[in-house]
Undergrad: 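Please see the structure below; I have some questions.
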2 protein chains.
Amino acid sequence: MTQVPSVGPKAGRREPYVSARPARATGKDRAYVRAAAPTLEAVAARAGVSRATVSRVVNGSPKVHPDSREAVRQAIAELGYVPNRAARSLVSQQSHAIALVVPEDITRFLGDVYFASIVAGITSRLEQSDYVLSLMVASQAPEGKMLRYLAGGAVDGVVVVSHHTSNHSLRQISELMPMVFGGRSAIPGVDAYVVDVNNVDGAAKATQRLIDRGCTNIATISGPLSMHSSLDRVEGWRRSLHDAGLMPGPVVDGDYSMLGGARAMREVLANYPEVDGVFVASDLMTSGAMPVVLERGLRIPEDIALVGYDDSPAVEACEIPLTTVRQPSEEMGREMADILLGVLSGDTDRPRTTIMPTTLIVRESA
Amino acid sequence: MTQVPSVGPKAGRREPYVSARPARATGKDRAYVRAAAPTLEAVAARAGVSRATVSRVVNGSPKVHPDSREAVRQAIAELGYVPNRAARSLVSQQSHAIALVVPEDITRFLGDVYFASIVAGITSRLEQSDYVLSLMVASQAPEGKMLRYLAGGAVDGVVVVSHHTSNHSLRQISELMPMVFGGRSAIPGVDAYVVDVNNVDGAAKATQRLIDRGCTNIATISGPLSMHSSLDRVEGWRRSLHDAGLMPGPVVDGDYSMLGGARAMREVLANYPEVDGVFVASDLMTSGAMPVVLERGLRIPEDIALVGYDDSPAVEACEIPLTTVRQPSEEMGREMADILLGVLSGDTDRPRTTIMPTTLIVRESA
DNA sequence: TTGTACGCGTTATCAT
DNA sequence: ATGATAACGCGTACAA
């Protein structure tokens, strides 16, 4: 679509618009004002055609004479013309921007490679479109700034990766524009697309690996049981065990942290000495749990086999190469963006929910 | 400034604008179209005043009769009116948005808590303004989409935290609008504000700590010497040593990674057995180096004292609580945003470069 | 204090 | 194929 030449360094002199320094503050305490950019009008004048024609070549309309087109192309290049976004949005009623809603605790969110990958996926998909991404932190006052911003027509759609945003504001947003959730399940009453990963299945695969290598006393170190993902992983673990006719070992909450993982492992060892396999619901927890096992003089995987989850950089912190479950986080992000873009371009029959598959990565710990 | 009521759930019926479902795709394969939002015009009609008056109360002009103001407030609330951003930008020539330029390797970037904190700081400052943040990945084609976007008037200013963006495009951007760098030094030829942390001083403090506790054979494990920050930290280390009249030990590149840290520590131990103190230029490297020391049966800090850098979550991975240097990353982000906002509001005499101080966090490893 | 009218830069609908 | 011309929604001199 829209094909406009790039703003090359030798964009040439901007005839009537030039100003010594391209931008400066006025004498008064007026706000900073940037140099006037060349407009359609200017290009038209230079090319000796009308604004309409320029608009046509900018938007790739087929019905324009090659000669005119060439003249316009020239003028655009010489002037370094770039369409004004605001004007375009105003008339087209589209901002060509989408918002990424993240939890208020943005540091923790961004610092987590899982989420970072999702964001990367989103941006990577967006890169090959002419949409841009705008960051919205679900602050204390979500009813306020964020809603006003979204309602102001600043974006055409929303992707939310936050787990914490209030259902209330989400519902309002979903009534305003298309919305897609990532890494969380649907919320009743909120009209949104959902892209999630199959936590149950991932956990089941991990547990099955333990079963396959002969473990019979299998425990799990879970995340906080208040989180959906934790629950699903416990569920998957339980399912594989059940299908194999095995008795489930203990479930210990490891808080999705390294220290928590270590603590949980100690607890497992203390209360369930016969343990010979553990499904640890995150690599980070595993990196804390593994040393505990090793310190006891137990061998991995011979005495106790360990399977992690995430295939995150935390695996590097493990002395024994970790068998783990990879989540397609970047693909998720890409899919989220793709869905939104699709809907925005009029594709009405996208599936409401997309479940992405996990992959078992076999290394040495199990 | 602009004070507009929030879009409450009971924003009331949008009289002439209502549509059953707030948004839907048209029959044709036209793009998704959202419901028409109430305009200034509508509010004016309902309040029985002119558009101009509504505009005045929306923008908090003092010269409007209390009665009118009240009537307008009413109407705005009832209609759930929110100013259209595009229209506003078009006339005011300001987008009230700023761009965050990040390196192409966005996963690595966002996954790093240091950068995540900076971003958090930026958003936190922006939250108390009416500016929004737009994410720009410095992709392979920086000359292309990004430049066009920025030149299109989509943002009023730019903050760049990337280390890799080409000087070329940066220069062009800096000619277009105000720009502030974070965590990197100024680039000749590029007109930008700089907010950086004093790496030299931080490293000097860390090393001084080692000196103060009696170490005399002090090595350093550095980051890649191609990076400015690495060089600065080595410089700080060297400076403290020099000031204390001590001979510098070896400098070993640990690649800013955990494995690299371990490898580097082994090298130090092998080639410099008399070592009794090491300044490790990142916590992550330290978390790799510490086990190496411990495995040798050496005590920390009695036999070898260790000081890290960053005060990152990686410190948790250290068995001995790590003495380290804290960087004010979130404050940096806030400062960056603050500077940009200041400049945009006409504040011409901000210092071109701001150096933020580091803090030594003393724990047990030194 | 309030309203009228014009302009911001584009797109799109008409004629031509 | 091309060119007037009318929106798009808002801010703001200027007039009243």
Undergrad: So what is the end-to-end bend of the helix from dT1(C)-dA16(D) to dT16(C)-dA1(D), with 5 pairs used at each end and the value given to 10 degrees?
TA: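 Answer for the end axes of this duplex: 40°.
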Undergrad: Does dT2(C) have OP1 or OP2 under 4.0 Å away from a side-chain N or O of S68(B)?
TA: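 For S68(B), the contact criterion (side-chain N or O under 4.0 Å from OP1 or OP2 of dT2(C)) is met.
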Undergrad: Look at T53(B) and dG3(C) and indicate whether a side-chain polar atom (N or O) is within less than 4.0 Å of OP1 or OP2.
TA: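 Yes, within the criterion.
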Undergrad: Measure the distance from CD on Q94(A) to P on dT10(C) and round it to the nearest whole Å.
TA: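 These atoms are roughly 17 Å apart.
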Undergrad: Checking all strands, does L40(B) fall into the base, sugar-phosphate, or nothing category for heavy-atom contacts under 4.0 angstrom?
TA: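 Sugar-phosphate, no base atom in range.
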Undergrad: Just checking S89(B): base, sugar-phosphate only, or nothing, at a heavy-atom cut-off of under 4.0 Å?
TA: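 Answer is nothing: S89(B) stays at 4.0 Å or more from every strand.
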Undergrad: Could you check if a side-chain atom of H96(B) sits within less than 4.5 angstrom of a side-chain atom of D156(B), using non-hydrogen atoms only?
TA: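 They are in side-chain contact.
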Undergrad: Looking only at heavy atoms, what is the nearest atom pair of V49(A) and V72(A), with distance?
TA: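 Closest heavy-atom pair between V49(A) and V72(A): CG2-CG2, 3.9 Å.
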Undergrad: Does Q93(B) have a side-chain nitrogen or oxygen under 4.0 Å from the phosphate oxygens OP1 or OP2 of dG7(C)?
TA: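 For dG7(C), neither OP1 nor OP2 has a side-chain N or O of Q93(B) closer than 4.0 Å.
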Undergrad: To the side chain of N84(A), which of dT1(C), dT10(C), dG9(D) is closest?
TA: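 So the nucleotide nearest the side chain must be dT10(C).
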Undergrad: A side-chain contact here means heavy atoms from C-beta on lying under 4.5 Å apart; do V161(A) and V119(A) qualify?
TA: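 No - every pair of side-chain heavy atoms lies 4.5 Å or more apart.
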Undergrad: Rounded to the nearest angstrom, tell me the gap between atom CD in E41(B) and atom C1' in dA5(C).
TA: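 Value for this atom pair: 13 Å.
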Undergrad: Determine, stepwise, if the pair E335(A) / I339(A) fulfils side chain to side chain contact (heavy atoms under 4.5 Å, CB included).
TA: CA-CA 6 Å; E335(A) 181 68 15; I339(A) 289 175; 3.9 Å; yes
Undergrad: Where do V343(B) and Y32(A) come nearest, in terms of heavy atoms and distance?
TA: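 Heavy atoms of V343(B) and Y32(A) come nearest at O-CB, 3.4 Å.
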Undergrad: Which atoms form the tightest heavy-atom contact between A151(B) and R34(A), and what is the distance?
TA: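 Heavy-atom minimum between the residues: O-NH2, 3.8 Å.
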Undergrad: Could you walk me through whether L341(A) and L126(A) satisfy the side chain to side chain contact (heavy atoms under 4.5 Å, CB included) test, starting with their C-alpha distance in whole Å, then the side-chain angles of each, then the deciding distance to 0.1 Å, before giving a yes or no?
TA: CA-CA 8 Å; L341(A) 256 28; L126(A) 252 31; 3.9 Å; yes
Undergrad: Specify the separation, in whole Å, of atom CZ of R85(B) and atom C1' of dG9(C).
TA: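 About 18 Å, once rounded to whole Å.
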Undergrad: Might you point out which heavy atoms bring S68(B) and T53(B) nearest each other, and give the distance in Å?
TA: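 Looking at all heavy atoms of both residues, the closest pair is CB-CG2, 4.3 Å.
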Undergrad: L340(B) and Y193(B): side chain to side chain contact (heavy atoms under 4.5 Å, CB included), yes or no, with the steps?
TA: CA-CA 8 Å; L340(B) 196 47; Y193(B) 291 81; over 6 Å; no
Undergrad: Please state whether the phosphate of dG9(C), meaning OP1 or OP2, lies under 4.0 angstrom from any side-chain nitrogen or oxygen of R88(A).
TA: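 Indeed not, no polar side-chain atom of R88(A) lies that close.
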Undergrad: Could you list the protein-to-nucleotides 12-16 of chain C atom pairs, N/O on both sides, closer than 3.5 Å?
TA:
none

Undergrad: Looking only at side-chain N and O atoms, does T39(B) come under 4.0 Å of OP1 or OP2 in dG9(D)?
TA: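 Result: no.
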